[in-house]
Peer 1: 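Quick one: structure below, then a few questions.
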Amino acid sequence: MNKEYYINKGFELYGIMVKSDKYKQGIDIMYPSNPMKSDNQPAVYILANDRGELLKIGETQNLTQRFHKGYRCISNTTNNRIRQHVKDVENIWVYVLPLPIETKKVLGYKCETSFAKGLEYNLLTEYKDSMEKVPPLNVFIK
């Protein structure tokens with residue numbers, strides 16, 4: 001399973017993570033000339049190398065925060081692992097499948113959610129069943 005498999009499912013190029021001295025954490029994200037509108041957009045994403053090999057399947061409730069701030073600036077185990085890969089090994093291409101925000105009244109309260117976690121779980125399970133392992137930058141299936 002490579003990036004083409006996911007592109008055929010509707011994933012689109014969001015940007016490329018590259019090594020950079022511009023930020024303290026050492027990476028930046030280059031966006032296409034026609035960037036996807038992503039403010040407050042939940043999504044499932046894949047990270048791939050320039051050969052199209054899948055490196056990670058992930059999800060986010062806010063695409064802009066995940067990539068513009070999270071991977072670029074915030075320090076935690078996952079972000080650090082991804083940044084180290086970009087700095088030491090190769091650029092990473094980011095492909096996303098934006099998801100709608102579902103709104104429903106529950107007990108009279110307005111509740112919003114998306115299917116990002118569920119879709120990420122199913123895509124990871126499918127990958128693991130097919131490849132007998134998770135992508136190298138994923139740690140495990142939640």
Side-chain angles (χ1 to χ4, degrees), residues 1-20 22-107 109-142:
M1 301 177 101
N2 62 19
K3 76 171 185 183
E4 295 304 322
Y5 177 80
Y6 297 94
I7 289 171
N8 289 335
K9 288 185 173 286
F11 283 74
E12 300 175 45
L13 180 65
Y14 183 71
I16 303 169
M17 300 167 93
V18 298
K19 184 177 178 177
S20 171
K22 184 176 175 183
Y23 296 97
K24 177 182 170 188
Q25 303 293 359
I27 71 161
D28 198 3
I29 299 176
M30 296 177 5
Y31 295 97
S33 57
N34 58 340
M36 179 183 296
K37 183 172 177 356
S38 62
D39 292 342
N40 301 316
Q41 182 73 51
V44 173
Y45 61 89
I46 63 163
L47 304 181
N49 62 22
D50 65 347
R51 297 175 304 284
E53 298 165 335
L54 193 69
L55 301 172
K56 179 174 174 49
I57 298 171
E59 66 84 21
T60 182
Q61 294 304 311
N62 186 318
L63 198 51
T64 302
Q65 281 187 350
R66 183 71 182 121
F67 288 94
H68 186 70
K69 295 178 185 169
Y71 278 134
R72 223 169 50 182
C73 304
I74 296 171
S75 189
N76 65 36
T77 304
T78 299
N79 293 350
N80 295 345
R81 185 174 57 255
I82 303 299
R83 280 195 293 268
Q84 205 59 51
H85 186 88
V86 171
K87 291 189 282 187
D88 294 346
V89 181
E90 61 196 340
N91 292 342
I92 294 179
W93 275 249
V94 180
Y95 295 87
V96 302
L97 181 66
L99 296 169
I101 297 172
E102 299 291 326
T103 304
K104 200 165 210 134
K105 283 219 172 201
V106 179
L107 300 176
Y109 299 98
K110 178 183 169 186
C111 299
E112 295 183 341
T113 189
S114 79
F115 298 107
K117 282 194 184 306
L119 182 57
E120 175 203 30
Y121 175 82
N122 285 296
L123 291 173
L124 274 168
T125 300
E126 176 187 50
Y127 185 93
K128 185 178 180 198
D129 290 348
S130 174
M131 306 301 284
E132 300 181 352
K133 61 182 178 181
V134 295
L137 295 177
N138 280 97
V139 177
F140 59 88
I141 297 177
K142 296 176 189 170

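The residues of the chain are indexed from 1 along the displayed sequence.
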Peer 1: Among residues two or more places apart or on two chains, list those pairs meeting salt bridge (Lys or Arg N to Asp or Glu O under 4.0 Å) that have a residue in residues 78-101.
Peer 2: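 Salt bridge (Lys or Arg N to Asp or Glu O under 4.0 Å) check on residues 78-101 returns Arg51-Glu90.
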Peer 1: Is any side-chain heavy atom of Leu123 closer than 4.5 Å to one of Tyr6?
Peer 2: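 In short, these two side chains touch, coming nearer than 4.5 Å.
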Peer 1: Does the side chain of Glu126 reach to within under 4.5 Å of the side chain of Tyr5, using non-hydrogen atoms?
Peer 2: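 Glu126 vs Tyr5: side chains touch.
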Peer 1: Answer whether the closest heavy-atom distance between the side chains of Met17 and Ile29 falls below 4.5 Å.
Peer 2: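 Yes - at least one pair of side-chain heavy atoms lies under 4.5 Å apart.
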Peer 1: Going by salt bridge (charged side-chain N to carboxylate O under 4.0 Å, His left out), name the residues that satisfy it together with Lys22, two or more places apart in sequence or in a different chain.
Peer 2: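 Here the qualifying residues are Asp28.
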Peer 1: Mind listing the closest non-hydrogen atom pair of Tyr127 and Val134 along with its distance?
Peer 2: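 Closest approach of Tyr127 to Val134, heavy atoms only: CE2-C, 3.7 Å.
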Peer 1: Please report the interatomic distance CD1(Ile27) to CD1(Ile92), rounded to the nearest 0.5 Å.
Peer 2: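 Atom-to-atom, Ile27:CD1 and Ile92:CD1 are 7.5 Å apart.
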Peer 1: Does any non-hydrogen side-chain atom of Lys3 lie less than 4.5 Å from one of Ile46?
Peer 2: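 Contact flag for Ile46/Lys3 side chains = yes.
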Peer 1: Identify the two heavy atoms, one from Pro100 and one from Pro42, that lie closest to each other, and give their separation to 0.1 Å.
Peer 2: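 Pro100 and Pro42 have their closest heavy atoms at O-CG, 4.1 Å.
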Peer 1: Could you tell me whether the side chain of Pro135 reaches within less than 4.5 Å of the side chain of Leu124, counting heavy atoms only?
Peer 2: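 In contact.
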Peer 1: Indicate yes or no: at least one non-hydrogen side-chain atom of Glu59 is less than 4.5 angstrom from one of Leu119.
Peer 2: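 Glu59 does not reach Leu119 side chain to side chain.
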Peer 1: Out of the candidates Leu47, Leu55, Asn49, only one should pair with Pro136 under the side-chain contact (heavy atoms from CB on, under 4.5 Å) rule; please name it.
Peer 2: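 Single pass found, and it is Leu55.
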Peer 1: Between Asn2 and Gly52, which heavy-atom pair has the shortest distance, and what is it?
Peer 2: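 Closest heavy-atom pair between Asn2 and Gly52: CB-O, 3.1 Å.
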Peer 1: Donor-acceptor pair, Asn138 side chain versus Ile57 backbone, under 3.5 Å?
Peer 2: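 Side chain of Asn138 to backbone of Ile57: a pair is present.
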Peer 1: With side chains defined as the heavy atoms from C-beta onward, is the minimum distance between Leu97 and Lys9 less than 4.5 Å?
Peer 2: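 Answer no - side chains too far apart.
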Peer 1: Using a 3.5 Å distance criterion without hydrogens, assess whether the side chain of Glu12 forms a donor-acceptor pair with backbone atoms of Ile7.
Peer 2: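 Here the side-chain-to-backbone pair does not exist.
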Peer 1: With distance as the sole criterion, is a donor-acceptor pair present between the side chains of Ser114 and Gln61 under 3.5 Å?
Peer 2: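 Present: a donor and an acceptor within the cut-off.
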Peer 1: Where do Leu63 and Ala43 come nearest, in terms of heavy atoms and distance?
Peer 2: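 Heavy atoms of Leu63 and Ala43 come nearest at CD1-CB, 4.0 Å.
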Peer 1: Less than 6.0 angstrom separating the ring centers of Tyr95 and Tyr45, yes or no?
Peer 2: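 Between Tyr95 and Tyr45, the centre distance exceeds or equals 6.0 Å.
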Peer 1: For Glu112, give me all partners under salt bridge (charged side-chain N to carboxylate O under 4.0 Å, His left out), at least two apart in sequence or on another chain.
Peer 2: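 Testing Glu112 for salt bridge (charged side-chain N to carboxylate O under 4.0 Å, His left out), a comparison that skips the adjacent residues, returns Lys110.
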Peer 1: Between Ile82 and Leu137, is the side-chain contact (heavy atoms from CB on, under 4.5 Å) condition met? List the steps.
Peer 2: CA-CA 7 Å; Ile82 303 299; Leu137 295 177; 3.8 Å; yes
Peer 1: Lys19 and Val86: which non-hydrogen atoms are nearest, and at how many Å?
Peer 2: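 Looking at all heavy atoms of both residues, the shortest contact is N-CG1, 3.5 Å.
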Peer 1: Measure the spacing between CD of Gln41 and CZ of Arg66 and express it to the nearest 0.5 Å.
Peer 2: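 Between atom CD of Gln41 and atom CZ of Arg66 there are 16.0 Å.
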Peer 1: Do Phe115 and Val44 have side chains that get closer than 4.5 Å, going by heavy atoms?
Peer 2: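 Side chain of Phe115 against side chain of Val44, heavy atoms only: no contact under 4.5 Å found.
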